Amino acid sequence: MDHLQDTAIDGPSSGYSHVSMKSNNSMHQPPNLSDGPAVNSGPVIFSRKRKRAASPLQPPDLSDEAAPSGRLGEIADQIRDVSCQTSTSSCQKHISHLDTEAALQLDSHQPVHDDLQRVKDQHKTSMKNRYESVFEGIKLQENQTLLNRIYTQLYIIEGESEGVNEEHEVLQMEKSYKTLQDTPIHCNDIFDPSPEPGYEEMRREKKDKIKTVLTKGIAGIGKTVSVQKFILDWAEGKANQDVDFMFVLPFRELNLIKDHQYSLHRLLLDFHPELQDLDSMIYDECTVVLIFDGLDESRLTLKFSDSEKVSDVTESSSVGVLMSNLMKGDLLPSALIWITTRPAAANQIPSNFINRVTEIQGFNDPQKEEYFSKRISDEHQASRIISHIRRARSLHIMCHIPVFCWISATVLQNILKQDLSAEIPQTLTEMYIHFLLIQTHMRNQKYEERDPEKLLQSNRDVIVKLAELAFNQLMKGNVMFYEEDLRESGIDVTDASVYSGICTEIFREESVIYQRKVYSFVHLSFQEFFAALYVFFCYLHKNSEVMKEFLTGKSRTQCENVLLDGLLKGVMNKALKSKNGHLDLFLRFLHGISLESNQRLLQDVLIHTENNPESIKKIIQNLKRGQKNNVSPERWMNLSHCLIEMKDHSVLKEMQAFLNSETKRKSISLAQCSTLANMIMMSEEVMDELDFMKYKFKSKEGKWRLFPAVRNCRKALLAGCNLTDQHCDILASALQSSNSPLRELDLSNNHLQDPGAKLLFAGLKSPNCQLNILRSSGCFMTEEGCAALASALSSNLSHLRELDLSHNDLQDSGVKLLCGGLNSPNCQLIILRLSYCMVTEEGCAALASALSSNPSHLRELDLSYNHPGDSGVKLLSDKLKHLDKLKYVEQ
């Protein structure tokens with residue numbers, strides 16, 4: 001169960017995004033304050049040892065102080081000058097000459113072994129200093145925290161490289177069924193083959209490693225911080241000590257030099273100045289890890305044909321060609337490569353160049369609550385916020401992303417400080433509106449001496465321009481912006497700091513390589529929220545140009561006069577056509593903002609509001625009709641979320657009526673499975689019974705999509721469902737979740753065997769587990785499973801009253817192990833069924849002894865169709881006279 005504790009750190013500067021193929025620019029990703037110890041608040045930026053702080057997405061500060069010294073520094077300067085002043089061809093020749101000169105100089109000072117070790121040590125020290133600290137919020141010294149204090153391992157699953165490039169990205173926080181097909185993997189082991197019997201011995205003899213790993217994950221889920229922790233553990237000597245050098249090349253900074261000519265050796269020296277004494281001939285003799293962080297941010301042209309081949313580390317080419325050749329293995333083939341990306345951008349790299357694909361998940365339920373407990377020092381307040389998050393199921397599910405936990409904690413703490421009886425936000429849109437209001441209120445306090453009306457106008461201008469930027473770039477698929485992008489939305493780049501100053505925790509300005517400015521929303525969800533705000537603003541102010549984006553075939557005048565339901569229908573149709581779901585959350589926010597109650601909260605920005613009940617009714621009808629169209633399950637589910645944002649729960653009620661109908665074996669589609677599971681998980685009421693036998697699934701995947709719903713049921717009947725070990729893992733997690741409602745679980749006739757049984761029984765030992773009835777008849781369980789079950793029965797908090805282990809090949813050896821739990825005073829069993837378990841006189845003697853050694857609660861024991869013999873029956877009859885029912889019919 002260790003892997004269930006693996007969760008991440010990736011903070012508010014990411015977003016669970018969906019990016020267009022034209023320009024996959026993602027955001028800066030601050031740490032997910034995962035379920036780790038001492039979780040902090042706010043967005044996190046990673047510190048540098050130089051003057052400014054930066055994130056692991058940022059390469060070293062290459063200002064004058066950080067540049068290579070001496071002759072190499074002069075060469076670097078010449079390269080920069082040449083790249084800006086000469087034509088491409090002459091630039092290439094000049095840089096090639098300079099690279100050769102640099103290489104010759106280094107060759108003349110070929111380091112001996114001690115010199116190489118010194119460079120390695122310097123590099124490790126530099127990397128440790130660069131990645132050991134994180135910042136939360138504004139980059140102030142008091143906000144600095146050691147990464148090791150707040151980090152715990154991410155929950156990472158291993159996927160298949162086949163088909164990875166076909167996967168789109170939608171709101172994956174609801175797609176917990178995905179974990180059913182995947183294998184957990186520890187971050188530090190991503191380059192190691194999967195453990196198998198004899199694996200450690202094999203690894204000692206042969207140091208084979210997986211060459212290229214692609215790690216996917218929605219922004220904010222922990223990709224960048226997993227990189228940071230991976231490097232820090234290596235630099236501190238805790239892991240991967242067979243690696244000599246780790247080089248980080250973030251795509252967001254490679255973008256800034258994409259038109260320059262570089263050799264790989266020169267590029268690495270620019271990003272890692274402490275390597276100035278490194279000989280270019282040494283790479284093949286050392287174990288090197290190259291980390292390309294944020295493929296989704298790339299504006300490079302990656303080419304995987306053989307037309308532009310580079311195989312020498314001193315050969316100059318464009319940065320895009322260098323990256324392509326590294327990934328293909330033509331350049332520095334001995335290097336291990338780790339690429340991080342959001343799923344939508346993964347198709348830029350052909351799957352045949354990827355050896356392993358992993359995906360970072362998020363917080364599990366206990367980790368969400370641990371975050372709030374550690375983030376909020378006031379225990380009473382923390383408890384109230386946790387309770388609210390549990391009840392508001394849509395918020396609870398969203399909190400699987402650590403950055404959303406931070407947003408929720410910030411908003412809820414602020415509301416409760418002002419008024420303990422205040423109404424707490426229930427929807428995603430309400431949460432984000434309150435977060436924006438908190439930001440502007442903080443600015444108003446700072447400048448309270450200024451004229452309130454001017455301040456309001458200033459706030460409005462800033463927010464509307466940010467909203468325009470968010471919308472324009474979302475339509476292009478960009479989530480990281482440069483100065484030219486800001487100008488396009490009417491933002492004066494000389495005043496850009498004003499924008500980040502007003503919305504400190506929402507919009508970020510930072511300097512990267514060569515001190516060029518880049519901008520991003522702290523998390524993609526903020527960009528999507530602001531984009532929706534802009535569209536609604538344009539609707540109220542009759543901006544036909546923007547509305548025409550969604551109202552194809554209509555004239556300018558028609559667009560100006562369109563009603564709100566017509567506009568939202570056009571937006572919905574465009575979102576439904578999206579292949580990667582990049583407009584899903586935008587659509588969700590737009591429907592939320594259309595509520596008059598939310599418009600009133602935003603009145604200072606919107607200026608006026610609209611209340612049209614008939615239009616709202618039509619919007620809800622359009623969403624329901626959209627669900628009846630032939631759309632993917634993810635689109636279907638998102639339309640359900642749009643209804644929830646509008647506080648309409650009619651679809652959920654319709655699904656409940658469907659469940660309660662008397663029709664036998666209801667045929668249920670893939671989309672219905674998703675909606676049904678979502679409805680059950682999000683419901684504030686616990687479902688009494690979920691019986692898989694009532695449904696006729698059109699595909700096996702539908703069954704697995706419904707499976708996570710067991711988390712919010714009292715009785716789960718899963719007999720004959722072909723469950724695997726991973727399903728048992730999910731069940732164990734459900735049993736361990738706080739306030740677990742599961743009281744009865746029927747797993748009969750599933751081929752679980754001992755590994756699955758052991759995972760499940762580990763869940764029974766949790767203090768949160770309240771399970772009373774467990775049926776595991778015909779599950780191929782043997783001795784090993786019995787030992788794990790005995791441990792669970794003897795735990796202090798066992799609530800199990802009825803246990804059915806019939807039709808399992810336990811034999812006497814298994815029964816003896818089981819007796820280790822039965823003779824515990826903590827065992828509360830009333831009914832035990834062991835028919836068809838190959839029990840003989842020896843097993844009966846063990847049972848008789850165990851059940852008579854302490855005051856036993858057992859009242860019914862079924863040993864029918866075993867081989868107890870007369871002596872076994874007599875032993876049981878003599879010692880277990882307290883039993884109300886004893887079955888011992890021989891086979």
Side-chain angles (χ1 to χ4, degrees), residues 170 174-182 393 397 576 623-641 643 649-683 685-731 734 741-752 756 760 773-780 804 807:
V170 289
E174 286 93 5
K175 293 174 66 179
S176 54
Y177 63 85
K178 278 175 64 69
T179 61
L180 303 182
Q181 294 93 23
D182 296 297
R393 299 296 294 178
I397 291 173
L576 290 176
L623 287 170
K624 290 180 179 179
R625 288 194 194 101
Q627 286 188 315
K628 293 177 182 177
N629 295 335
N630 186 24
V631 298
S632 71
E634 290 76 26
R635 300 286 87 71
W636 170 296
M637 193 183 299
N638 192 57
L639 296 182
S640 294
H641 284 303
L643 288 166
H649 300 281
S650 57
V651 170
L652 304 188
K653 291 176 182 176
E654 288 167 11
M655 290 302 296
Q656 188 67 56
F658 168 78
L659 286 174
N660 295 335
S661 66
E662 295 300 320
T663 309
K664 300 294 182 185
R665 294 283 289 174
K666 305 174 186 67
S667 181
I668 183 168
S669 69
L670 204 61
Q672 286 176 315
C673 288
S674 296
T675 303
L676 181 56
N678 204 42
M679 181 270 289
I680 295 170
M681 288 192 291
M682 290 176 60
S683 174
E685 296 181 10
V686 176
M687 187 177 182
D688 284 329
E689 178 181 292
L690 178 62
D691 184 357
F692 274 45
M693 295 301 291
K694 285 185 177 180
Y695 310 115
K696 185 177 180 181
F697 296 99
K698 294 181 179 179
S699 71
K700 187 183 294 184
E701 187 185 352
K703 186 184 295 184
W704 303 150
R705 289 195 175 202
L706 184 57
F707 189 80
V710 300
R711 300 176 69 88
N712 200 31
C713 300
R714 289 188 182 87
K715 182 191 292 188
L717 306 179
L718 307 172
C721 283
N722 299 316
L723 303 183
T724 66
D725 295 350
Q726 285 148 323
H727 297 111
C728 288
D729 201 356
I730 288 178
L731 284 171
L742 269 173
R743 298 294 182 270
E744 182 174 340
L745 190 56
D746 186 353
L747 302 176
S748 301
N749 303 318
N750 283 291
H751 201 79
L752 301 185
L760 179 65
I773 301 171
L774 176 62
R775 298 190 180 94
S776 298
S777 173
C779 289
F780 297 86
D804 185 357
H807 295 271

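Because the structure is a prediction, the values reported are computed rather than measured. When reading the values below, keep in mind they use all heavy atoms of this one structure, side chains included, and skip hydrogens, waters and symmetry mates. Note that the numbering runs from 1 along the sequence shown for the chain.
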field: Residue pair Leu717, Met693: steps toward the side chain to side chain contact (heavy atoms under 4.5 Å, CB included) verdict
entry: CA-CA 8 Å; Leu717 306 179; Met693 295 301 291; over 6 Å; no
task: Apply side chain to side chain contact (heavy atoms under 4.5 Å, CB included) to Thr724 and His727, showing your working.
output: CA-CA 5 Å; Thr724 66; His727 297 111; 2.9 Å; yes
task: Using the side chain to side chain contact (heavy atoms under 4.5 Å, CB included) rule, take Leu745 and Val710 through it: C-alpha gap first, then chi angles, then the decisive distance, then the call.
output: CA-CA 9 Å; Leu745 190 56; Val710 300; 6.0 Å; no
message: Determine whether Leu690 and Tyr695 satisfy the following criterion, side chain to side chain contact (heavy atoms under 4.5 Å, CB included), listing intermediate values before the conclusion.
response: CA-CA 10 Å; Leu690 178 62; Tyr695 310 115; 4.1 Å; yes
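Side chain of Asp746 to backbone of Ser748: a donor-acceptor contact under 3.5 angstrom is found. Here the side chain of Asn749 pairs no donor or acceptor atom with the backbone of Ala719 at under 3.5 angstrom.
In terms of heavy atoms, Ala709 sits closest to Ala677 at CB-CA, 4.0 Å. Smallest separation of non-hydrogen atoms from Arg714 and Val686: NH1-O, 3.3 Å. The shortest heavy-atom contact between Cys779 and Leu747 is SG-O, 3.1 Å. Annotation for Phe692 and Phe697: closest pair O-CE1, 3.8 Å, computed over non-hydrogen atoms. Phe707 and Leu718 get closest at one heavy-atom pair: CE1-CD1, 3.7 Å. What you find for Cys721 and Trp704 is that their closest heavy atoms are O-CH2, 3.0 Å.
Taking the side chain to side chain donor-acceptor pair (under 3.5 Å) definition, one finds that Asp804 meets it with Ser806, sequence neighbours left out.
Note that NZ of Lys703 is 8.0 Å distant from CG of Leu723, once rounded to the nearest 0.5 Å. Within the model, atoms CG of Leu742 and CZ of Arg711 stand 9.5 Å from one another, a figure rounded to the nearest 0.5 Å.
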